[in-house]
Amino acid sequence: MRLSAYFLPTLKENPSEAQIVSHRLMLRAGMIRQTGAGIYAWLPLGQRVLKRIERIVREEQDASGAQELLMPTIQPAELWRESGRYDDYGKEMLRIRDRHDREMLYGPTNEEMITDIFKNSCKSYRDLPKNLYHIQWKFRDEIRPRFGVMRGREFLMKDAYSFDLDAAGARRAYQKMFLAYLRTFARLGLKAIPMRAESGAIGGNLSHEFIILAETGESGVFCDRTWLDLDVMAEAPGFDDDLERFFARATGIYAATDEKHDAADCPIPADRLVSARGIEVGHIFYFGTKYSKPLGAVVAGPDGEPVAVEMGSYGIGVSRLAGAIIEASHDEAGIIWPDSVAPFQVGLINLKSGDAACDRVAAEVYGDLRRAGVEVLYDDRAERPGVKFADMDLIGVPWQVLVGPRGVKSGVVELKRRATGERAELSRDSALAKLTGPA
RNA sequence: CCGGGCAUAGCACAGCCAGGCAGUGCGCCUGUUUUGGGUACAGGAGGUCGCAGGUUCGAAUCCUGCUGCCCGGACCA
């Protein structure tokens, strides 16, 4: 992509409405624009990041055996009356009426709808187990949205729903998602700690929140110091292996949200306890027959007797993750994207646009990278080098390739790693090899 | 929802107290200059001063009502 033609409205100054760093940087880097309290438009750069995050989430869901579908954003109120949540959800649910005066709602979650879809087609224990998910926009009418996309009213969420014949099966489904979540967050370049959590309005009695530690986190959390240096994925099993041991070990190291933490009854000594703030990026629940019973999701068991299916639900805040990753990875100059979610892999800077030799070399490097399948943002604007450096640092592209008069003369380009600031002068071929070779 | 604050050009803000030509910096456009970390100079474009009403010869400025947004809290997968 040539930057001269790209819609990338970066800002030099901080918009006054943005207080926390991820919100400021997302606005300044031209990723998002606010259209109302807690409601954002995603501009091309932000959309690219969202798609990258979504893809990793999708790949890990698929790898775990879950199947993707897509449910609507608008739901009939009737479904929610059956579960009793139409009243329970309160003002956080956005309620609307269609032209026939039918009561509808903009879905805050999809337990009722998926259970309804499931029950209409799955009648036998032979149809189990199933895990169905989608990645869809949700709306929760938060009293007080804040922190940009991290606490928006409209947000993109992956939600999965598991159906099993018995509690043992549901436990395995829960553990598979537990593993899928750890794999997902690791790939996103995040250290997410699974913490015992309240199950809230979803209901149920087994629940973990996946938390990233960050000063700007919304909730207080507590964990064993061991977590700070632990690479929990080092000994992670495959999805088809026995997950019980891994699950026991990962959940055996103390970690709890403040609702679940009791200082008077804490299993670890004070000098090992870390008190911090965290951003919730995922939440998983086992809730048994809470929805299957009222909604009639019943299958015939092996003995022919009806059995209400055992369910769980599993959420990942996809749009929130864009903000959370920035909270965890930025510096004074701007965003530092992990390679896995970067909107472009390489930012190519022509330091002297208009100079025939620089234009030629930059265009050739651009072509070479594109042919090699690298997503590259080529800054071909007639701007000062300083402006280009500042913009490229701000938007956080992991690698920068600098083409300037000096290097062109001696036949080299400069390669800069955004995260470390490390630079090296290389021949064009070795730079290309480095950027297209194995990571 | 409670409490506090803000609303003037794309962005950040001054002007309001004490009514009298709509301003500054950045950004944007044109030209010159400069060319390895947001360059310099000159010229230019850009405004329903959030909306509605009131007071006044005259309102960005004073008064009333409304709306939107932000912050703290409570709430919240």
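Naming convention: chains lettered A, B, ... in sequence-line order (proteins, then strands); numbering from 1 in each chain.
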Rounded to whole Å, CZ of A:F285 lies from P of B:C76 at a distance of 13 Å

Inset, instruction - Select base, sugar-phosphate, or nothing to describe what A:I349 touches, counting heavy atoms under 4.0 Å on all strands. - result: nothing

Original post:
Do the charged groups of A:E154 and A:R140 touch, with an N to O distance under 4.0 Å?
Top reply: no

request  = Decide, yes or no, whether a salt bridge links A:E103 with A:R81 under the criterion of side-chain N to carboxylate O below 4.0 Å.
outcome  = yes

Exercise. Using the P atoms only, state how far B:C16 lies from B:U61, rounded to an integer number of Å.
Key: 12 Å

| request: Verify whether one side chain among A:E68 and A:Q61 offers a donor that lies under 3.5 Å from an acceptor in the other. | output: no

message: Quick check on B:G68: is either OP1 or OP2 less than 4.0 Å from any side-chain nitrogen or oxygen of A:Q34?
response: no

* Asked: So A:E59 and A:R187, salt bridge (charged side-chain N to carboxylate O under 4.0 Å, His left out) or not? Walk me through it.
  -> CA-CA 11 Å; A:E59 285 174 359; A:R187 284 184 62 187; 2.6 Å; yes

A:D393 atom CG is separated from B:G37 atom C1', nearest whole Å, by 8 Å

*Indicate, with a heavy-atom threshold strictly under 4.0 Å, whether A:R28 touches base, sugar-phosphate, or nothing.*
base

Would you mind classifying the nucleic acid contact of A:F210 as base, sugar-phosphate or nothing, using non-hydrogen atoms under 4.0 angstrom?
nothing

Taken to the nearest whole Å, CG/A:L321 to C1'/B:A77 is 14 Å

- Run the salt-bridge test on A:D379 and A:R2 with the 4.0 Å N-O cut-off and return the result as yes or no. no

Judged by nearest nucleotide, the residue sitting upstream toward the 5' end of RNA chain B, A:L394 or A:K91, is A:K91

Say we look at B:C63 and B:G19: how far apart would their C1' atoms be, to the nearest angstrom? 13 Å

request  = Just call it for A:D355: base, sugar-phosphate, or nothing, with non-hydrogen atoms closer than 4.0 Å on any strand.
outcome  = nothing

Between B:C66 and B:C2, how far apart are the two P atoms, rounded to whole Å? 13 Å

Going by atom types only, do A:S83 and A:E112 share a side-chain donor-acceptor pair under 3.5 Å? yes

Among the nucleotides B:A12, B:A77, B:C1, whichever has the atom closest to the side chain of A:P15 is B:A12

Paired to B:G25 by Watson-Crick or G-U wobble criteria (both distances under 3.5 Å) is B:C11

Next item on the list: Quote, to the nearest angstrom, the C1' distance that separates B:G25 from B:A14.
Entry: 10 Å

When you compare B:A9 with B:G47, how far apart are their P atoms, in angstrom units rounded to a whole number? 11 Å

- prompt: A:K12 side chain N/O closer than 4.0 Å to the phosphate oxygens (OP1, OP2) of B:C26?
  reply: no

Checklist entry - Say you pick atom C1' in B:G72 and the same atom in B:U35; how far apart are they, in whole Å? => result 48 Å

Base, sugar-phosphate alone, or nothing: which one does A:G404 contact when heavy atoms must sit under 4.0 Å apart? base

*asked:* Less than 4.0 angstrom from a charged side-chain N to a carboxylate O is my criterion; do A:D164 and A:R172 meet it?
replied: no

If you look at every strand shown and take non-hydrogen atoms under 4.0 Å, does A:G407 touch a base, only sugar-phosphate, or nothing? base

From OH of A:Y286 across to C1' of B:A77 the rounded distance in Å is 19 Å

When rounded to whole Å, the CZ to P distance for the pair A:R151 and B:G73 reads 11 Å

Open item on the list: So A:A37, base contact, sugar-phosphate only, or nothing? Heavy-atom distance under 4.0 Å.
Closed with: sugar-phosphate

Separation of B:A12 atom P from A:R24 atom CZ, nearest Å, is 13 Å

Problem set entry | Side-chain donor-acceptor contact under 3.5 Å, A:D224 with A:T226 | yes

Closest to the side chain of A:K352, out of B:U35, B:C71, B:A77, is B:U35

Among B:A77, B:G72, B:G36, the one nearest any side-chain atom of A:L402 is B:G36

Any strand, both distances under 3.5 Å, Watson-Crick or G-U wobble: B:G68 pairs with B:C6

NA contact type, A:E13, heavy-atom cut-off 4.0 Å: base, sugar-phosphate, or nothing?
base

Notebook entry, point to check: Has the side chain of A:Q19 got a donor or acceptor atom sitting under 3.5 Å from an opposite partner on the base of B:G72?
Noted result: no

(Q) Mind checking if A:R423 touches a base, just sugar-phosphate, or nothing, with heavy atoms under 4.0 Å? (A) base

Testing B:G25, B:A77, B:G38 for proximity to the side chain of A:R140, the answer is B:A77

Checklist entry - What interatomic distance, in whole Å, is found between P of B:A77 and the corresponding atom of B:A60? => result 48 Å

message: Within the 4.0 Å heavy-atom criterion, would you say A:D391 contacts the bases, only the backbone, or no part of the nucleic acid?
response: base

Regarding A:E92, tell me which of base, sugar-phosphate or nothing describes its non-hydrogen contacts under 4.0 Å with the strands shown.
sugar-phosphate

message = I'd like the C1' distance from B:C70 over to B:A12, given in whole Å.
response = 15 Å

Backbone N or O of A:W227 within a donor-acceptor pair of the A:K191 side chain at under 3.5 Å?
-> yes

Just call it for A:E218: base, sugar-phosphate, or nothing, with non-hydrogen atoms closer than 4.0 Å on any strand. nothing

By nearest-nucleotide position on RNA chain B, the 5'-leaning member of A:T10 and A:H23 is A:T10

Taken to the nearest whole Å, CD/A:E154 to P/B:A77 is 20 Å

ask   = Within the structure, does a side-chain N or O atom of A:R144 lie under 4.0 Å from either OP1 or OP2 of B:C71?
value = yes

*asked:* So, OP1 or OP2 of B:A12: does either fall under 4.0 Å of a side-chain N or O from A:S16?
replied: yes

Rounded to whole Å, the CG-P distance (A:L27 to B:C69) equals 15 Å

Among the nucleotides B:C69, B:A77, B:G36, whichever has the atom closest to the side chain of A:P405 is B:G36

Counting any heavy atom closer than 4.0 Å, what does A:K416 reach on the DNA or RNA strands: base, sugar-phosphate only, or nothing? base

